[in-house]
Amino acid sequence: AAKQAGRGNVREYDSSFDSSIKHRIRMEREMQLALERNEFFLEYQPIMCTRDRKLTGYEALVRWQHPELGRVPPDQFIGIAEECGLITQLGEWVARRACLDAMEWGNALSVSVNVSPIQFATSDLPEIMSRILYETGLEAKRLSIEITENIFLQGSQNIEILRKLRALGIGIVMDDFGTGYSSLSYLQDFQFDKVKIDRSFIWGMLEKTHSAAIVNAILSLGHDLGIDIVAEGIETAEQLAYLEKRSCSLVQGYFIGRPCKTIAEAPRTEAMQVA
Ligand code: C2E
Ligand code: CA
Ligand code: CA
Ligand code: CA
């Protein structure tokens, strides 16, 4: 179709294609180097329990500080890392670093790490996770993994892997809940420890009656199924108040605390000071 549209279009099509391929190849190479040069690091975002307004744990979020490109946001490199397979190595690094850091905190807080569906397909996750726990000495109950609904698209072998991870004592959290095609059916297939309501619903909750209805439905579902619901992306006191009134047990977002390099650095936000 591009060829029939004339020369100008062909050139335009080719150049954008070319530059995106070049971009990917460069990013792949840069990520490989970044792993060797230790350019990746983690930031931790607090998760607060609404009952006592105390911290229960942190989510580890990967960061990349490139010497020339500067800070590359995860949304710009996780996808490429997944396509070229580097996510397997990166994901293992994230889990090990997070467990080492949690051991150093000197408290009983939990840490959750994001795990890509690609890691389920390309590595023996139960074996890797149990080795990391053994090597770092972290108690399994302090570690959770956050997965998205698309791991269920790869068939039932991933449910088996989840069961093995759970048997190790690792918590399993469904992330971005409500954004997939059949979120509800996955709750039937696997007993999650926690479910995170996607932040798009939280952002719409106070303006759109539809978003509010979805949030309310997920909260009552969690209540009936005995699953803790985490609301993420909370940016205002009003959003927090709304969720507290509806007994949402766990909350996360800039209003609670921004991602920080160390947990000692984590600010005592307005939300927590009220305690
Ligand atoms: P996610 O797992 O849904 O993580 C939450 C994202 O929302 C983070 O973005 C966090 O910084 C941001 N966030 C938290 N609270 C607020 C808020 O109140 N307002 C706003 N505007 N944003 C908030 P981040 O760190 O840029 O990460 C983006 C995505 O990249 C993550 O989404 C996750 O899917 C992926 N990611 C991050 N770290 C890892 C990792 O180690 N492994 C894998 N596989 N994916 C990761
Ligand atoms: Ca997450
Ligand atoms: Ca999320
Ligand atoms: Ca996400």
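Just follow the structure's listing: the first ligand is 1, and inside any ligand the first atom is 1.
Side chain of R71 to backbone of W64: no donor-acceptor contact under 3.5 angstrom is found. A donor-acceptor pair is defined here as one N or O able to donate and one able to accept, closer than 3.5 Å; such a pair exists between the side chain of N158 and the backbone of I151. In this structure, D193 contributes its side chain and I172 its backbone to a donor-acceptor pair below 3.5 Å. The closest donor-acceptor contact from the side chain of T236 to the backbone of Q239 lies under 3.5 Å.
Closest to atom 38 (N) of ligand 1 by heavy atom, among T148, V62, L42, T236, is V62. By heavy-atom distance, the residue among I87, V173, L61, L90 lying nearest atom 4 (O) of ligand 1 is L61. The closest heavy-atom contact to atom 25 (O) of ligand 1, among the options E59, E43, R63, comes from R63. When the heavy-atom distances from atom 23 (C) of ligand 1 to Y254, W64, F255 are ranked, the shortest goes to Y254. The heavy atom nearest to atom 3 (O) of ligand 1, out of those in Q45, R258, K196, R199, is found in R199. The option from I118, I147, N114, I202 that lies nearest to atom 45 (N) of ligand 1, judged by heavy atoms, is N114.
Within the coordination shell of the Ca ion (ligand 2), defined by N, O or S atoms under 3.0 Å, S112 is absent. Taking 3.0 Å as the criterion, E146 does not count as a coordinating residue of the Ca ion (ligand 3), since none of its N, O or S atoms falls below it. Here E232 does not reach the Ca ion (ligand 2): none of its N/O/S atoms is less than 3.0 Å from the metal. Among the atoms of D176, no N, O or S atom is found under 3.0 Å from the Ca ion (ligand 2).
Using a non-hydrogen distance threshold of 4.0 Å, P259 registers as a contact of ligand 1. At least one heavy atom of W203 sits closer than 4.0 Å to an atom of ligand 1. Using a 4.0 angstrom heavy-atom cutoff, G91 does not count as in contact with ligand 1.
Residue E232 has at least one heavy-atom neighbour below 4.0 Å for each of these atoms of ligand 1: 3 (O). Set against the non-hydrogen atoms of I234, the atoms of ligand 1 under 4.0 Å away are 18 (O). Shown in contact with G233 at under 4.0 Å from a heavy atom are these atoms of ligand 1, numbered in order with element: 16 (C), 17 (C), 18 (O).
Taking the ring centre of Y242 as origin, the terminal cationic atom of R246 falls inside the region bounded by 6.0 Å and 45° from the ring axis. For the pair R131 and Y134, the cation does not sit on the ring face, since its NZ or CZ is not both under 6.0 Å from the ring centre and inside 45° of the axis. With a 6.0 Å cutoff to the six-membered ring centre and a 45° limit on the axis angle, K261 does not count as a cation-pi contact of Y44.
For ligand 1, none of its N or O atoms has an N or O atom of E82 under 3.5 Å away.
Remark: of the listed residues L162, V173, N114, L162 is the sole one forming a side-chain contact (heavy atoms from CB on, under 4.5 Å) with I147. Exactly one of E59, Q45, E146 qualifies for a side-chain hydrogen bond (donor to acceptor under 3.5 Å, both in side chains) with S112. That residue is E146.
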Full working for side chain to side chain contact (heavy atoms under 4.5 Å, CB included) between T56 and L250: CA-CA 8 Å; T56 62; L250 297 162; 3.7 Å; yes
Side chain to side chain contact (heavy atoms under 4.5 Å, CB included) evaluation trace for L187 with L221: CA-CA 10 Å; L187 293 184; L221 191 68; 3.6 Å; yes
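Atom OD1 is the N, O or S atom of D175 at the shortest distance from the Ca ion (ligand 3). Residue E59 approaches the Ca ion (ligand 2) most closely through its N/O/S atom OE2.
Between F192 and F177, the gap from one ring centroid to the other reaches at least 6.0 Å.
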